[in-house]
Amino acid sequence: MADPLKLQDYAGAPAPIPGGIAARARAQAAPRYLDGLNPEQREAVETLDGPVLVLAGAGTGKTRVLTTRIAHILSLGKARPSEILAVTFTNKAAREMKLRIGSMVGEAVEGMPWLGTFHSIGVKILRRHAELVGLKSGFTILDTDDQIRLLKQHLSAANIDEKRWPARVLANLIDGWKNRGLTPSQVPAGEAASFANGRGQELYAAYQERLKTLNATDFGDLLLETIRLLREQPDVLRQYHHRFRYILVDEYQDTNVAQYMWLRLLAQRPQRNDLLADGSAAATPQRAETNLCCVGDDDQSIYGWRGAEVDNILRFDKDFPGAKVIRLERNYRSTGHILAAASHLIAYNEGRLGKTLRTEDELGEKVTVSGAWDSEEEARSVGEEIEQLQRKDHSLNQIAILVRASYQMREFEDRFITLGLPYRVIGGPRFYERAEIRDALAYLRAVNSSADDLAFERIINVPKRGLGDATVQWLHEHARQANMSMMDMAREVANTDELKPKPRQSLRDLMANFDRWAAQKDSLPHTELAEMILDESGYTDMWQKDRSADAAGRLDNLKELVRSMDEFENLQGFLEHISLVMDADRGEQVDSVSIMTLHSAKGLEFETVFLPGWEEGLFPSQRSLDEQGRAGLEEERRLAHVGLTRARRRAKIFFATNRRIHGMWTTNIPSRFLDELPEADVEVTEQKGGFSFSGYGASRFDRQESFGSSYTTPGWQRAQQRGGFSGGGYSGGSGSAPSGGRWQKTEIPDLPRPRKGPRTIEGELVAKSTGTASAYSVGDRVFHLKFGNGNVTFVEGNKLTIQFDKAGEKRVVDSFVERV
DNA sequence: CGCTAGTCGGTTTTT
DNA sequence: CCGACTAGCG
């Protein structure tokens with residue numbers, strides 16, 4: 001620690017006398033960090049003893065309460081930084097919390113080793129006591145990809161047809177069991193039977209067995225094994241009970257059963273007598289208290305589908321008797337109309353604790369609802385509105401488009417590319433999940449430990465070096481028989497004539513490389529080692545030769561990876577943390593519109609939020625309804641609530657009558673959520689008398705005959721053929737065959753619709769053209785970030801028409817391309 | 001072994 | 001429509 005003295009100062013001593021006086025003195029000085037908290041927030045910060053549940057509605061200062069509470073504990077000397085357990089769900093949240101605590105208490109935050117995600121804290125505990133659960137402390141953590149590859153091996157070993165019973169499905173099943181804290185023997189018979197004719201449980205058990213031999217865990221084990229450890233080793237449990245004087249949990253509504261069990265073990269301390277074994281425990285009066293503080297919002301629980309149990313938060317006061325429940329209902333984010341709309345909507349949910357959000361802000365703009373004929377027009381409207389805002393000097397960084405499903409994004413991307421409107425897509429594959437990163441890591445893992453079969457297998461033929469399935473299979477079997485790692489087996493067999501000459505030579509070269517790298521592992525700085533490995537293995541070369549659009553990006557990612565290794569002491573340290581902590585937080589500084597899913601928007605806020613796709617079937621998602629029934633609907637509604645409450649000043653909802661999903665045109669009716677918005681806070685735009693606010697029976701958004709302008713979209717043409725949209729848009733028929741179902745997919749034969757791009761939008765394009773001649777001319781070879789390489793075929797002002805090698809013909813603004 | 005043409009199946013995402 | 005995965009050929 002950089003400055004132990006300062007740390008001591010904050011921490012105080014457990015003994016009551018010096019800390020007490022100092023604390024009182026500080027309290028009288030009315031610590032500055034408490035300034036500006038409202039009474040409820042203050043109560044949440046100052047109620048330190050016993051279980052506390054803080055129900056923090058959207059925008060009510062949840063993180064502030066959490067961080068201030070920690071600062072408060074520290075400055076009162078109630079606990080040392082190392083005696084506080086603070087749990088979040090994501091690394092991002094943990095980082096942010098650390099940052100904010102740091103800004104209040106300074107370096108003391110560096111002494112908080114127990115601030116992190118459930119998983120990272122689980123690892124920390126497990127590494128210390130690994131032998132007690134049958135692991136060695138250097139165990140590796142497998143991610144989903146490794147997990148699936150391992151399961152594939154098991155499936156083929158068990159002679160199970162992978163077509164019928166995919167490894168993916170089994171992985172999900174096992175994950176689900178682990179989320180619920182179930183070990184193989186605890187899996188309910190009925191569920192185990194659902195996979196491979198009742199062999200699910202057996203496979204789960206075999207998989208766990210295999211993990212132990214590999215000295216590996218998957219993500220679920222990080223929780224499950226910790227639970228097992230704490231249950232089976234009372235001494236260890238006592239040690240942590242003693243250590244953690246205060247426990248704080250963020251986003252409690254997202255906890256799953258395993259996390260809940262984990263938490264309860266740590267938080268539900270035995271009564272005081274049990275603790276008196278330790279001398280210092282007797283000295284402090286509240287030792288036996290469960291100083292647990294959970295912060296969450298049942299109305300923002302949107303991860304039920306991956307095991308989160310809203311129930312955990314709903315019954316908190318039963319689990320922790322005497323719990324104090326504090327509601328934070330003053331919203332500091334959104335204007336009146338937005339908040340009213342969101343509150344009214346969420347009130348339709350039955351399973352909730354119930355909060356009433358208030359704001360002292362002005363009413364502001366009403367939430368707008370706009371209809372569009374199809375998703376293309378929807379994207380066009382959103383684009384126009386954004387450009388209007390842009391003209392009024394609104395920052396694009398303060399604008400977000402929040403969609404239900406990621407396939408909705410493309411439409412906006414296409415449109416924004418045409419307009420030359422900068423945007424960024426948030427989410428998508430995360431940094432460490434990208435193939436190139438995983439490959440690079442596999443090389444490093446294999447060099448670091450010759451026992452890491454999974455890593456070795458991943459890169460044995462990447463780049464292609466003539467070591468295909470046959471060779472890998474051979475190595476696999478023989479390594480297993482000889483009870484040695486694949487790498488060791490490979491090293492041996494490379495010098496015999498058991499393999500055909502070609503693979504043998506390849507293998508020999510590869511192993512020579514590995515030996516050389518391993519020899520330099522300790523002498524060379526690990527970043528240099530990494531660069532060397534990536535170069536000499538031919539991996540960098542492979543991407544440099546690749547001419548696809550994302551190859552450049554991948555090379556950047558690799559550079560980024562090597563850069564990020566700098567922060568670690570050595571290769572070992574880097575690899576230990578990488579599997580848990582690696583995520584791309586490379587904040588683009590360019591002013592741009594954010595496009596993301598509603599899920600990934602949780603916790604964020606923007607001045608203006610666009611919410612497209614509010615249609616039955618899409619939002620609420622039909623699948624959610626089918627699979628989860630009412631619970632599914634309520635979760636979708638919470639998602640809508642999350643979406644609306646992301647907006648500070650403007651929320652703009654859209655729905656499209658026609659949408660192309662997977663190449664099929666579907667006709668949808670407006671979302672029921674639209675009917676659940678309060679009339680007084682909503683403004684329906686861009687319709688000429690079509691919408692009548694007729695109460696909740698017949699949707700007031702159902703009737704759509706009256707969009708005035710002329711449209712050339714397929715949906716419109718189809719509608720005209722059919723004679724308009726009477727009948728509420730339910731019918732999905734193509735005109736010939738009658739359609740039964742409401743969500744019937746309808747294939748439209750290729751109508752003579754205008755070619756995508758130029759024609760329908762010519763007017764706008766010309767109007768926006770800068771007039772200055774483009775620096776490009778016909779025939780130029782250019783590179784585009786999204787579309788890759790192509791040739792310019794037409795130039796008009798700053799707009800280029802480009803024939804891309806892979807993506808086909810597109811029209812883009814010239815600032816989006818560069819010459820190659 | 002590696003490439004390519006065909007099939008299949010497509011919410012939401014963290015660790 | 002578009003990507004991921006596989007069977008089957010060179």
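Residue numbers start from 1 in every chain, and the chains themselves are labelled A, B, ... in the order their sequence lines are given, proteins ahead of strands.
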Side chains of Y260(A) and D311(A): any donor to acceptor distance under 3.5 Å?
no
Phosphate oxygens OP1/OP2 of dT12(B): is one of them under 4.0 Å from a side-chain N or O of S621(A)?
no
Looking only at side-chain N and O atoms, does T144(A) come under 4.0 Å of OP1 or OP2 in dT15(B)?
no
Between H478(A) and W474(A), what is the ring plane arrangement, given parallel below 30°, perpendicular above 60°, and tilted in between?
parallel
Parallel, tilted or perpendicular: which one describes the rings of F619(A) and F673(A), with boundaries at 30° and 60°?
perpendicular
Provide, to the nearest angstrom, the distance between the [atom1] atom belonging to [X] and the [atom2] atom belonging to [N].
{"X": "R95(A)", "N": "dT15(B)", "atom1": "CZ", "atom2": "C1'", "result": "13 Å"}
{"X": "N658(A)", "N": "dC1(C)", "atom1": "CG", "atom2": "C1'", "result": "16 Å"}
{"X": "H641(A)", "N": "dT12(B)", "atom1": "NE2", "atom2": "P", "result": "23 Å"}
{"X": "L126(A)", "N": "dT15(B)", "atom1": "CG", "atom2": "C1'", "result": "14 Å"}
{"X": "R306(A)", "N": "dT14(B)", "atom1": "CZ", "atom2": "P", "result": "7 Å"}
{"X": "W305(A)", "N": "dT14(B)", "atom1": "CH2", "atom2": "C1'", "result": "8 Å"}
{"X": "K152(A)", "N": "dA4(C)", "atom1": "NZ", "atom2": "P", "result": "14 Å"}
{"X": "E636(A)", "N": "dT12(B)", "atom1": "CD", "atom2": "C1'", "result": "8 Å"}

Looking at [Y], is its backbone amide N or carbonyl O close enough to the side chain of [X] to form a donor-acceptor pair, meaning the two atoms are under 3.5 Å apart?
{"X": "N312(A)", "Y": "Q253(A)", "value": "no"}
{"X": "E634(A)", "Y": "G351(A)", "value": "yes"}
{"X": "D175(A)", "Y": "K178(A)", "value": "no"}
{"X": "H599(A)", "Y": "I302(A)", "value": "yes"}

Closest to side chain of [X], choosing from [options]:
{"X": "H119(A)", "options": "dG3(C), dT12(B), dT15(B)", "value": "dT15(B)"}
{"X": "N91(A)", "options": "dT12(B), dT15(B), dT11(B)", "value": "dT15(B)"}
{"X": "R410(A)", "options": "dC2(C), dC1(C), dT13(B)", "value": "dC2(C)"}
{"X": "S406(A)", "options": "dG10(B), dC1(C), dT12(B)", "value": "dT12(B)"}
{"X": "F219(A)", "options": "dT11(B), dT15(B), dT14(B)", "value": "dT15(B)"}

Suppose you measure atom P in dC5(C) against the same atom in dT12(B); what distance do you get, rounded to whole Å?
16 Å
Using a 4.0 Å heavy-atom cut-off across all strands, classify F118(A) as base, sugar-phosphate, or nothing.
nothing
Which part of the nucleic acid, if any, lies within reach of Q628(A) when heavy atoms closer than 4.0 Å are counted: base, sugar-phosphate only, or nothing?
nothing
Between the protein and nucleotides 1-6 of chain B, which nitrogen or oxygen pairs are less than 3.5 angstrom apart?
unit_1: dC1(B); atom_1: OP1; unit_2: G468(A); atom_2: N; d: 3.0
unit_1: dC1(B); atom_1: OP1; unit_2: T471(A); atom_2: N; d: 3.4
unit_1: dC1(B); atom_1: OP1; unit_2: T471(A); atom_2: OG1; d: 3.0
unit_1: dC1(B); atom_1: OP2; unit_2: D469(A); atom_2: N; d: 3.4
unit_1: dC1(B); atom_1: OP2; unit_2: A470(A); atom_2: N; d: 3.0
unit_1: dG2(B); atom_1: OP1; unit_2: G466(A); atom_2: N; d: 3.3
unit_1: dG2(B); atom_1: OP2; unit_2: N461(A); atom_2: ND2; d: 3.2

Measure from the ring centre of F89(A) to the centre of the six-membered ring in the base of dT15(B), then say whether that distance is under 5.5 Å and the planes meet at under 30°.
no
Report the C-alpha separation of R660(A) and E376(A) in whole Å, then their side-chain angles, then the decisive distance to 0.1 Å, and conclude whether the side chain to side chain contact (heavy atoms under 4.5 Å, CB included) test is met.
CA-CA 9 Å; R660(A) 198 167 38 178; E376(A) 201 178 326; 5.7 Å; no
